[in-house]
Amino acid sequence: MRSNLMSRILSWTSIVFLLLFFPVYESFSSAGVRWAISILVISIIAGSGFLSYLSSKKEDKEINLLISSGLGIVSLGIYFLRVYLEDLSLQKGGTAPVWISNLREFLLVFLVLFVLGSVFLGLLREWERSSFENQSSLKGRKQSLVRDFFLGTGILLLILILANYISVMRNHNFDLSSKGVHSFSIEAKKILKEIPEGGEVDVIAFYPRPLDSTARNADGSSSLALKRIRPDLEILLSQLVSIHPGFKVKFINADVELDEIAEFGQVSNGNVLIRYRKAGSIAGPYPEQKVGVKDKSELEDLERRLVQAFMNVTTKERKVYFTEANGERYSQTFQNLPNEKVVRFADSLSFLNFKSTGIGFQNNWPPKIPDDAEFLVIAGPTVPFSPEARTSILDFVFKKKGKLFITIEQRGGESFDWLLEAAGYSFAKGNLSQSPSRAPGLILTKAFRDHAIEESLSKKDTGIVFPYGGYFEQKPPANPADIKLDASILLETGGDVYLDKNGNGKQEKEEEKKNLPVALVLKTKSSTPVIPPADPNSPPTILPETKSEDEGRIVIYSGTSWITNQYLPYEANYELAGASVTWMYQDVSLPAIPPKKEEIETVSLTDGQKRAVWILGMFLFPGLIAGLGSIYVIKRRKAGQKNA
């Protein structure tokens, strides 16, 4: 009797522990606690099946409970295998191997089936045991057993509700969609887990609830679209808490909950604000960045943009030095010209965790660059650099692996050809005009090349206002060995821009439209060794990408006015300036994060296939069913006649 009671307690405990294991296990980050929970649950499940098997009679072995325990242990094994495969993917740089993702999805199906099978067989065995005891007990005892069974079932239901509550709070779920549209990819989790020690990331989404009334000043159609987006956002963003406890997610309706938005400045519905708070910080301003999502289609690329914003705001605080001794826009030369200054650009860097400081003659520049300098901004110098200053800048890039953000002022005397020649380019002055509707020298361009900087721009389709700039042209050196910088084009003028030689804003006959580079990305040549392939016909294998700290990086623009106070707020100028700066320290390639785009594959049948399907449905299947039914009826009739 005592053994039977212990067996029943272990049986119910194993069911409860198996259901609670998954949400509880994910709630702890300590490896020791997780090991203890795992050993306890496995011991209870195995002990339940083993004790029940030993205590039962030889002719009546409790096979259901034994199978239930076996399925429970196998499901835990599958779960740990999926965790191992995920950790294996996180340890690999770049994109996770395809076979790992496919295998994890395949194992997920069996994990769900085995857990359900284990719970169902365990409950079935307890129902059988209660039914058997009811049949062999006295009347009073029967009533007691029935009452105890229903009481135990009620307790189990309460525990299931508790498990569901924990799962919701921890957002523990199984994403069974084909592209994982409701969860973060392995590559994204690898990045999002890297919150600095003690820091917190606030994720505030400004969206109306599905049943909220539309604000008076809101557009009804756009408000309806935002209401449809919110449920999907709640599912995705709430998972950030389970990825790392440092995430705090909150939803606010900016049109209604006005008392909640005071600390966020000017905000509106349709944006997700990513804000980073360092350990011990109690007052702002905080590094933050907004990600706009106003349409269902924008959800496809949301994960990538969230990761980019997270990387931008959580990077460690770095000093950025603005040179101001050669007539740059940061210098006192433009003190009385507020529209020509770059104050807005410098202030915006504070929200990306950069601290702006000017260097000039008081800091022994030129030619000395501060020893703690990692990032240098040279915004539109009008006076050429001295040979000593040029040498310092080149050493800063090639020897110290520093970062440079350069904008050229074509009305000035510094063309930076002494730097561009190391990449096989040169700067050319010229008035770029686009159409008579715009002022001469003012263009709007959307002609981006594929690059990590361009990938993070959400407003790139609106274009970049690029006024009064020149352009770059290739100038290969006589000796190819003189090229010491890898160059790639970031932005071009587009095919509707022409060189306005007389500056009248009108296209003359001799002024042809050209697509000219206006922004370049330069990097010191990688010293990564190339591994020769075993197969001579296959491409060489290159080791993992060089980290940002190991290479000098330069982003150079052929104009300066686009980042001044006057033009920075227009179109995507602000985003491009910020993305150019944050790329300097970006080590993760965003293409590794796949877009969440559900691709519906359509299948078209030929006329022959349609005819075959029609014949199968109309004749073959009905005939097969009729034939098998006739055979069954004839056999039953013959068997009945034989028995008679």
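Just so it is clear, the structure is predicted and the values come from calculations on it, not from any experiment. In this chain, numbering begins with 1 at the start of the sequence shown.
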Looking at Glu340 and Arg329, is there a salt bridge between them, counting it only when a charged N and a carboxylate O are closer than 4.0 Å?
yes
Rounded to the nearest 0.5 Å, how far apart are CZ of Phe466 and CD1 of Ile443?
6.5 Å
Do Glu454 and Lys460 meet the salt-bridge criterion of a basic N to acidic O distance under 4.0 Å?
yes
Which heavy atom of Lys429 sits nearest to which heavy atom of Phe427, and what is that distance?
CG-CE2, 3.6 Å
Pro287 versus Val313, closest heavy-atom pair with distance
CB-O, 3.6 Å
Under-4.0 Å salt bridge between Arg275 and Glu263
yes
Taking atom types as modelled, is there a side-chain donor on Thr462 or Tyr570 under 3.5 Å from an acceptor on the other?
no
Could you check whether any side-chain N or O of Ser558 sits under 3.5 Å from a backbone N or O of Gly469, counting only pairs where one atom can act as donor and the other as acceptor?
no
Verify the distance criterion only: is there a donor paired with an acceptor across the side chains of Gln566 and Trp562 at less than 3.5 Å?
no
Short N-O contact, Asp372 and Lys319, less than 4.0 angstrom:
yes
One should read off an interatomic distance between Phe184 CZ and Leu236 CG, to the nearest 0.5 angstrom, of 4.0 Å
Just by distance, no angles: are the side chains of Thr323 and Glu328 close enough, under 3.5 Å, to form a donor-acceptor pair?
yes
Salt bridge or not for Lys296 and Asp232, using N-O below 4.0 Å?
yes
Candidate list Ser435, Pro467, Ser433, test side-chain contact (heavy atoms from CB on, under 4.5 Å), partner Leu442, passing option:
Pro467
Measuring centre to centre across the rings, with the benzene-like ring taken for any Trp, is Phe375 within less than 6.0 Å of Phe396?
no
How many angstroms lie between CZ in Phe206 and CZ in Phe264, if you round to the nearest 0.5 Å?
5.0 Å
Would you say the ring centroid of Tyr557 lies under 6.0 angstrom from that of Tyr471?
no
Closest non-hydrogen atom pair, Leu404 against Ile393
CD1-CG2, 3.6 Å
Side-chain ion pair, Glu492 and Arg449, N-O less than 4.0 Å
yes
Does Leu576 reach the side chain of Ser580, with side-chain heavy atoms less than 4.5 Å apart?
yes
Is there a donor-acceptor pair closer than 3.5 Å between any side-chain N or O of Asn271 and the backbone N or O of Val293?
no
NZ/NE/NH1/NH2 to OD/OE distance under 4.0 Å, Glu317 and Lys278
yes
Do NZ/NE/NH1/NH2 and the carboxylate oxygens of Arg277 and Asp202 come within less than 4.0 Å?
yes
Flag the pair Glu551 and Lys401 as a salt bridge only when some basic side-chain nitrogen lies within less than 4.0 angstrom of an acidic carboxylate oxygen.
no
Would you indicate whether the side-chain heavy atoms of Val203 and Val272 approach each other to under 4.5 Å?
yes
For the atom pair CG (Leu394) and OG (Ser392), what is the distance rounded to the nearest 0.5 Å?
9.0 Å
